[in-house]
Amino acid sequence: MTKEEFYFVVETRKSFEFIYKDKTYNMTFEKASDGHTTIHFGQLYEEKTYDSVGEFLNTAKVENHFFKDMMDII
């Protein structure tokens with residue numbers, strides 16, 4: 001996944017799923033009660049919520065690796 005592909009997923013609010021080391025990861029989007037969009041990401045059925053793309057890129061992990069550092073192998 002390139003950065004451009006990642007931002008396309010974010011802009012279009014498309015669900016994204018991938019498998020890494022036999023574990024399924026899922027990213028979905030939901031509109032919060034105050035109107036902003038939150039990102040839900042993590043292993044299937046164990047997602048965490050992120051309030052912004054910046055927070056997501058700075059903290060989301062796949063195992064012990066930051067998501068942003070793994071985009072090229074996803």
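- Closest approach of Thr24 to Ile19, counting heavy atoms only: OG1-CG1, 3.8 Å.
- Pairing each heavy atom of Val62 with each of Tyr20, the nearest pair is CG1-CD2, 3.5 Å.
- Under a hydrophobic clustering in which Ile, Leu, Val, Met, Phe, Trp and Tyr are joined whenever their side-chain heavy atoms come within less than 4.5 Å, directly or via other members, Phe8 and Leu57 fall into different clusters.
- Taking NZ of Lys48 as the reference point, atom OG1 of Thr59 lies at 8.0 Å (rounded to 0.5 Å).
- To the nearest 0.5 Å, atom OG1 of residue Thr2 and atom CE of residue Met71 are 8.0 Å apart.
- With hydrogens and angles disregarded, no donor-acceptor distance shorter than 3.5 Å links the side chain of Asp72 to the backbone of Ile74.
- Considering Phe16, Phe66, Phe56 as possible partners of Phe41, the one that fulfils the ring-ring contact (aromatic ring centres under 6.0 Å, His included) test is Phe56.
- Within the model, atoms NZ of Lys23 and CZ of Phe18 stand 11.5 Å from one another, a figure rounded to the nearest 0.5 Å.
- One distance of note links CE of Met27 with CZ of Phe6; it measures 5.0 Å at 0.5 Å rounding.
- Between the side chain of Glu55 and the backbone N or O of Asp51, at least one donor-acceptor pair lies under 3.5 Å.
- Heavy-atom contacts from other residues, nucleotides or ligands closer than 6.0 Å to CG of Asn64 number 12 or fewer.
- Counting heavy atoms from C-beta on, the side chains of Ile39 and Thr49 never come closer than 4.5 Å.
- A distance of 16.0 Å separates CE of Met1 from NZ of Lys68, quoted to the nearest 0.5 Å.
- Under the 3.5 Å distance criterion, with hydrogens and angles disregarded, a donor-acceptor pair is assigned to the side chains of His40 and Thr38.
- To the nearest 0.5 Å, the span separating CZ on Arg13 from CD on Glu30 amounts to 12.5 Å.
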